[in-house]
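All residue numbers in this chain count up from 1 along the given sequence.
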Amino acid sequence: MANPTFGADLDLDAYFARIGYSGSRTPTVATHGAIAYAHATTIAFENLDPFLGIPARLDVASLQRKLVGSRRGGYCFEQNGLLLEVLEKLGFDVTPLAARVLWSGELDAVPKRSHMLLRVDVDDRPWIVDVGFGGMTLTGVLRLERDVEQATPHEPFRLIDIDGDYAMQAKVRGTWKTTYRFDLQRQYRVDYIATNWYLSTSPESGFVQGLMLARPAADCRFALNGRRLAIHHLDGPTERTEFTTAAGLIECLEETFLVQLPDWRPLETAFDRLT
């Protein structure tokens with residue numbers, strides 16, 4: 001259901017120029033899959049603002065100014081919040097959802113809801129799109145069906161059942177790894193505010209404590225944790241590099257993650273905090 005108040009300031013032409021997309025704007029499965037791929041491979045997952053003491057803002061003007069105009073990235077609430085506005089403005093039927101992240105935990109764990117993803121209904125069929133899950137971000141779209149392995153431009157994914165919830169899994173080097181669990185309860189933009197504030201401002205938040213970036217490319221995934229860069233080749237080994245200077249790290253952020261900052265001095269000052 002479109003929301004003209006939230007979507008009024010969105011500049012679709014600027015967004016599509018930002019992600020290098022020149023395809024169809026008709027609300028079809030092919031369209032939102034192509035947009036998801038272009039978005040995910042262009043706009044990096046990154047938490048520079050929380051790490052540098054700047055809270056993340058979720059209003060459309062802020063999202064457009066940061067992710068589009070300033071050529072920055074963001075984390076799930078920013079990435080999928082922007083994509084939500086884009087898809088709604090194109091005429092898609094979009095339902096925002098919330099997930100419990102299980103990437104580093106047990107399959108039956110029930111952590112707090114801390115992740116945003118989107119359900120998109122096209123031709124009376126539901127799909128899942130998510131351009132904001134860091135190192136395992138979807139680069140395509142998934143049918144909302146359990147127990148079916150589905151191809152994406154990167155790893156195969158599937159959805160399984162956990163106590164009536166859906167659990168997202170990615171097949172990484174032959175092993176199914178769970179990313180998160182979710183249900184189909186519609187979330188509203190206001191539902192993300194408190195969690196976003198905690199994640200971007202609390203001293204206990206991992207986004208405040210350390211630096212994380214990720215971006216998928218055509219044949220690999222780039223992932224940065226602190227000073228350590230990993231390049232995960234889809235059909236090959238993983239390359240690892242550790243940066244010993246702020247200058248080397250900044251060059252990586254600009255060239256590998258396509259992130260721009262008008263002033264890198266705050267990160268230079270914070271470099272010693274990184275491990």
Quick one: does Leu48's side chain get under 4.5 Å of Arg72's, heavy atoms only? yes
Side-chain donor-acceptor pair under 3.5 Å between His115 and Asp130, yes or no? yes
Worked check of side chain to side chain contact (heavy atoms under 4.5 Å, CB included) between Val208 and Thr201: CA-CA 6 Å; Val208 173; Thr201 66; 5.5 Å; no
Sub-3.5 Å donor-acceptor pair from the side chain of Arg113 to the main-chain atoms of Thr195, do we have one? no
Min side-chain heavy-atom separation Val120-Val29 under 4.5 Å: no
Any donor-acceptor pair under 3.5 Å from Thr256 side chain to Leu253 backbone: no
What distance separates Ile162 CD1 from Thr178 OG1, expressed to the nearest 0.5 Å? 6.0 Å
To the nearest 0.5 Å, atom CG of Leu84 lies from atom CD of Glu88 at 4.5 Å
Verify the distance criterion only: is there a donor paired with an acceptor across the side chains of Arg71 and Gln260 at less than 3.5 Å? no
Could you check His154, Met168, Glu155, Lys177 and say which one makes a side-chain contact (heavy atoms from CB on, under 4.5 Å) with Met136? Glu155
I'd like to know whether CZ of Arg25 has more than 12 heavy-atom contacts from other residues, nucleotides or ligands below 6.0 angstrom. yes
Ignoring hydrogens, what is the shortest heavy-atom contact between Leu118 and Pro96? Give both atom names and the distance. CD2-CA, 4.0 Å
I'd like to check the ring pair (Phe, Tyr, Trp, His ring centres under 6.0 Å) partners of Phe51; sequence neighbours left out, ordered by chain and number. none
Kindly write out the residues that satisfy ring pair (Phe, Tyr, Trp, His ring centres under 6.0 Å) with Tyr21, not counting sequence neighbours, or none if the list is empty. Phe16
Indicate yes or no for a side-chain donor-acceptor contact from Ser205 to the backbone of Leu199 under 3.5 Å, with no hydrogens or angles considered. yes
Using a cut-off of 6.0 Å, state whether more than 12 heavy atoms not belonging to Glu242 lie near its atom CD. yes
Within a 6.0 Å radius of atom CG on Asp235, are there more than 12 heavy atoms belonging to other residues, nucleotides or ligands? no
Are any non-hydrogen side-chain atoms of Tyr180 and Leu117 less than 4.5 angstrom apart? yes
How long is the straight-line distance from CG of Leu90 back to OG of Ser24, given to the nearest 0.5 Å? 9.0 Å
For Cys252 versus Leu229, what's the shortest heavy-atom pair and its separation? SG-CD2, 4.0 Å
Which heavy-atom pair separates Phe92 from Thr26 by the least distance, and what is that distance? CZ-O, 4.2 Å
Distance (rounded to the nearest 0.5 Å) between Arg228 CZ and Leu274 CG: 9.5 Å
May I ask you to check whether Glu239 and His232 show a side-chain donor-acceptor distance below 3.5 Å? no
With distance as the sole criterion, is a donor-acceptor pair present between the side chains of Thr245 and Arg227 under 3.5 Å? no
Okay, side chain of Gln187, backbone of Gln185: is any donor-acceptor separation there less than 3.5 Å? yes
Assess the residue pair His32 and Thr28 against the criterion (side chain to side chain contact (heavy atoms under 4.5 Å, CB included)); give the C-alpha distance rounded to whole Å, side-chain angles, the decisive distance to 0.1 Å, and a yes or no. CA-CA 7 Å; His32 82 98; Thr28 65; over 6 Å; no
Derivation and outcome, side chain to side chain contact (heavy atoms under 4.5 Å, CB included), residues His39 and Gln79: CA-CA 9 Å; His39 182 127; Gln79 298 269 14; 2.6 Å; yes
Is there a side-chain contact between Gln150 and Pro156 (heavy atoms, below 4.5 Å)? no
Looking only at atom types and distance, does a side-chain atom of Thr152 sit under 3.5 Å from a main-chain N or O of Gly140, one as donor and one as acceptor? no
Cluster check Ile19, Val259: I/L/V/M/F/W/Y, side chain < 4.5 angstrom: no
Which heavy atom of Pro266 sits nearest to which heavy atom of Leu52, and what is that distance? O-CD2, 3.8 Å
Would Leu142 and Trp103 show up in the same hydrophobic cluster when neighbours are defined by side-chain heavy atoms closer than 4.5 Å? yes
Check: Arg65 main-chain N/O paired with Ser70 side-chain donor or acceptor under 3.5 Å: yes
Any side-chain heavy-atom pair from Val129 and Leu83 closer than 4.5 angstrom? yes
Minimum side-chain heavy-atom gap Tyr15-Leu67 below 4.5 Å: no
Any side-chain to backbone donor/acceptor pair from Arg181 onto Asp163? Under 3.5 Å, distance only. no
To the nearest 0.5 angstrom, please state how far the CG atom of Leu82 sits from the CG atom of Leu58. 11.0 Å
Any sub-3.5 Å donor-acceptor pair from Gln64's side-chain atoms to Asp11's backbone N or O? yes
Rounded distance [0.5 Å steps], CG in Leu249 versus CG in Leu211: 6.5 Å
Of all heavy-atom pairs linking Ala230 and Thr238, the shortest is CB-CG2, 4.1 Å
Whether Arg146 engages the ring of Tyr166 as a cation-pi pair (distance to the six-membered ring centre under 6.0 angstrom, angle to the ring normal within 45°) should be assessed. yes
When you group the ILVMFWY residues by side-chain heavy-atom contacts below 4.5 Å and let the links chain together, are Leu63 and Leu261 in the same group? no
Nearest heavy-atom neighbours spanning Arg215 and Thr41: NH1-O, 2.7 Å
With a 3.5 Å distance limit and no angle check, can you tell me whether Asp165 reaches the backbone of Asp183 through a side-chain donor-acceptor pair? no
So do the side chains of Phe133 and Cys76 get within less than 4.5 Å of each other, counting heavy atoms only? no
Apply salt bridge (Lys or Arg N to Asp or Glu O under 4.0 Å) to residues Glu46 and Lys66 and explain how you reach the verdict. CA-CA 12 Å; Glu46 54 106 331; Lys66 179 182 177 182; 5.0 Å; no
Same apolar cluster (I L V M F W Y, side chains within < 4.5 Å links), Phe157/Val148: no
Treating Ile, Leu, Val, Met, Phe, Trp and Tyr as nodes and any side-chain heavy-atom pair under 4.5 angstrom as an edge, say whether Leu97 and Val110 lie in one connected cluster. no
Which residues share a ring pair (Phe, Tyr, Trp, His ring centres under 6.0 Å) with Phe222, sequence neighbours left out: none
Does Arg173 CZ have over 12 foreign heavy atoms under 6.0 Å away? yes
Please assess Phe207 against Tyr75 for the test ring pair (Phe, Tyr, Trp, His ring centres under 6.0 Å), listing each intermediate value before the final yes or no. CA-CA 9 Å; Phe207 291 127; Tyr75 60 12; 4.9 Å; yes
State, yes or no, whether a side-chain contact exists between Arg143 and Arg125 at a heavy-atom distance under 4.5 Å. yes
Any sub-3.5 Å donor-acceptor pair from Asn47's side-chain atoms to Gly210's backbone N or O? yes
Using a cut-off of 6.0 Å, state whether more than 12 heavy atoms not belonging to Asp147 lie near its atom CG. yes
Fit a plane to each ring of Tyr192 and Phe77, take the angle between them on a 0 to 90° scale, and name the class: parallel (under 30°), tilted (30 to 60°) or perpendicular (over 60°). tilted
With Arg119 as the cation and Trp127 as the aromatic partner, state whether NZ or CZ is under 6.0 Å from the six-membered ring centre and within 45° of the axis. no
